[in-house]
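Here is how names work: the chains are called A, B, and so on, in the same order as the sequence lines, proteins then strands, and each is numbered from 1.
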Number of protein chains: 2
Amino acid sequence: MSLPHAILTALLEKPSSGLELTHRFDRSIGYFWSATHQQIYRELGKLEEAGFIRALPSPGPTRGRKKEYEVLAAGRAELTAWVGSSEDPKPIRDALLLRLRAAAVVGTEGLEAELRRHLALHEGQLAEYEEIEKRHFPPERDTAEDRLRHVVLRGGIDLERFWIEWLAHALAELGRPPNSR
Amino acid sequence: MSLPHAILTALLEKPSSGLELTHRFDRSIGYFWSATHQQIYRELGKLEEAGFIRALPSPGPTRGRKKEYEVLAAGRAELTAWVGSSEDPKPIRDALLLRLRAAAVVGTEGLEAELRRHLALHEGQLAEYEEIEKRHFPPERDTAEDRLRHVVLRGGIDLERFWIEWLAHALAELGRPPNSR
DNA sequence: GGGTACATGTAACCGGTTACATGATTTA
DNA sequence: TAAATCATGTAACCGGTTACATGTACCC
């Protein structure tokens, strides 16, 4: 149950229309919780019905016309409650780890190329995050809000570094002949 | 599309019934791809229909009776192809990172306790993985299959270590007063 | 007025989750 | 024979994905 909270957060940062939210989910927030425009429109409908947000008044028909939303007091309260709520971390669910496990049974053909490909993708993502860090979090800025957002970004950065190191390790093990430890 | 492949892997390691698979998913394979018994039964049906596995012959009615499955040649081929296939890594989707981001907007009330709780959970998980590593991967064992499985486990271990470090960092930032860098 | 970009929306499907139903086997 | 446990299964729901439909605004 996180998409509605992601949207509330985004709308609090800046009231927006569905499409604007979609674009913003393609950057910033979407780095940690992606969503398509269909999901977003559906969720905006639910949030409005629940009284958490409202569409800014605009005359005439709605279809094809921009519709801006803002967060109501009840929405802010809901988000505040969620921040302090108790939600267990989800167990790992990773297809690549699973594929290595399968490779232990049926052989590693084609796996090395795929690991190299993933390595390149993670290196690219890391570079992107580091660029954002340089742009958005220069050492002199230091409000409480910025620090929290920076911690989130550091999470993304260190996760990419984890994958890069792990992939390098996996590739080394793949290439190593048996019993040469 | 990973659950069928997880099941094929498990069945190749050892032919099993649905409930046995469920129990094994609660350990080993389930550490990286969890599944409930309902998912597993549904998927076993699909895999059988697709000709990837077959139920070992047994007389009489099926309901309430154990039903063992084994992997057919087509199933092994499917799994082999999947190991070498091209599948992009999924973008991060983590509710806790999102909650920190929300906290930057609505405040951090209740967050510190939640971070400490997650820290304890990850430390517990790490201890469990390290225990498995000690039991299953003593230095003297060194077949190619074991090495691959060990790499997978190392991934789990290092992921837990990542979370532990990140949570410690986040807690430190939460506690630090503004502009004291 | 035709094309393109902007903007909102519907429908069908798919995998994962939760709750419940039913039959077989073991044991007190 | 009743209860507990093993074992397979159905049904409803929910969030995420993919494909498609519809309407507006602007520019050539």
Just wondering, do D94(A) and W163(A) contact through their side chains at under 4.5 Å, heavy atoms?
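Yes; the side chains approach each other to less than 4.5 Å.
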
Do V71(B) and L47(B) have side chains that get closer than 4.5 Å, going by heavy atoms?
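They are not in contact (no side-chain heavy atoms under 4.5 Å apart), so the answer is no.
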
Does E130(B) come within less than 4.0 Å of K134(B), counting only side-chain N to carboxylate O?
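Here E130(B) does not pair with K134(B) in a salt bridge, since their nearest N and O are not under 4.0 Å apart.
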
Set of ring pair (Phe, Tyr, Trp, His ring centres under 6.0 Å) partners for W82(B), sequence neighbours left out:
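With neighbours one apart ignored, the set is H5(B).
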
Without swapping roles, check the side chain of R154(B) against the backbone of H169(A) for a donor-acceptor pair under 3.5 Å.
no

Tell me whether R99(B) contacts the main-chain N or O of S85(A) through its side chain, where contact means a donor paired with an acceptor under 3.5 Å.
yes

Heavy atom of residues 17-47 of chain A under 4.0 Å from DNA chain C: which residues?
S17(A), G18(A), L19(A), H37(A), Q38(A), Y41(A)

Going by heavy atoms closer than 4.0 Å, what residues in residues 79-96 of chain B are next to DNA chain C?
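Listed by number, there are none.
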
Check the distance between [N]'s [atom2] and [X]'s [atom1] and give it to me in whole angstrom.
| X | N | atom1 | atom2 | result |
| --- | --- | --- | --- | --- |
| H5(B) | dG15(C) | NE2 | C1' | 14 Å |
| E48(A) | dT8(C) | CD | P | 12 Å |
| K66(A) | dC26(D) | NZ | C1' | 15 Å |

Taking the six-membered ring for Trp, are H122(B) and H118(B) parallel (under 30°), tilted (30 to 60°) or perpendicular (over 60°)?
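Because their plane-to-plane angle lies in the 30° to 60° range, the rings of H122(B) and H118(B) count as tilted.
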
Mind telling me whether Y31(B) and Y129(B) have parallel, tilted or perpendicular rings, with 30° and 60° as the class edges?
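It falls in the perpendicular class, over 60°.
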
